[in-house]
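This report concerns only the one structure given below.
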Amino acid sequence: MERLCDVRASHLVIACGPCERRGVYRVARLRERFGDHASILDVYLRLTQTCRWQREVGSRPPNVYAVGCRAKLDASGGAVANGLPSRT
């Protein structure tokens with residue numbers, strides 16, 4: 001699953017343990033907002049950019065004792081029949 005058009009679920013769930021935030025996003029709405037062929041990584045980074053423990057892409061990871069953003073992405077809901085094929 002690399003692009004939004006590859007997602008066959010009806011919703012994406014992003015949950016972060018350290019900041020106790022959780023968001024449920026409809027895939028159809030994300031496709032309208034970011035485009036059908038938007039990268040899942042780009043969408044993830046845009047949706048988690050307000051996490052206070054988020055760090056810059058490519059920066060050094062925190063040590064084992066430091067708190068970092070641990071947001072996890074999960075696809076939920078049943079398969080959607082009108083999914084689009086990926087161009088990749």
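- Evaluation of the salt bridge (charged side-chain N to carboxylate O under 4.0 Å, His left out) rule for R33 yields no partner, not counting sequence neighbours.
- Residues L45 and V13 do not share a hydrophobic cluster, defined by chaining ILVMFWY side chains whose heavy atoms lie under 4.5 Å apart.
- With sequence neighbours left out, the side-chain contact (heavy atoms from CB on, under 4.5 Å) criterion links A38 to L4, F34, V43.
- Atom CG of L30 and atom CG of D36 lie 11.0 Å apart (nearest 0.5 Å).
- We find the NE2-CG distance between H11 and D74 to be 12.5 Å, quoted to the nearest 0.5 Å.
- Using a 4.5 Å heavy-atom threshold, the side chains of V7 and I40 count as touching.
- Among all heavy-atom pairs drawn from C5 and H37, the shortest one is SG-ND1, 3.2 Å.
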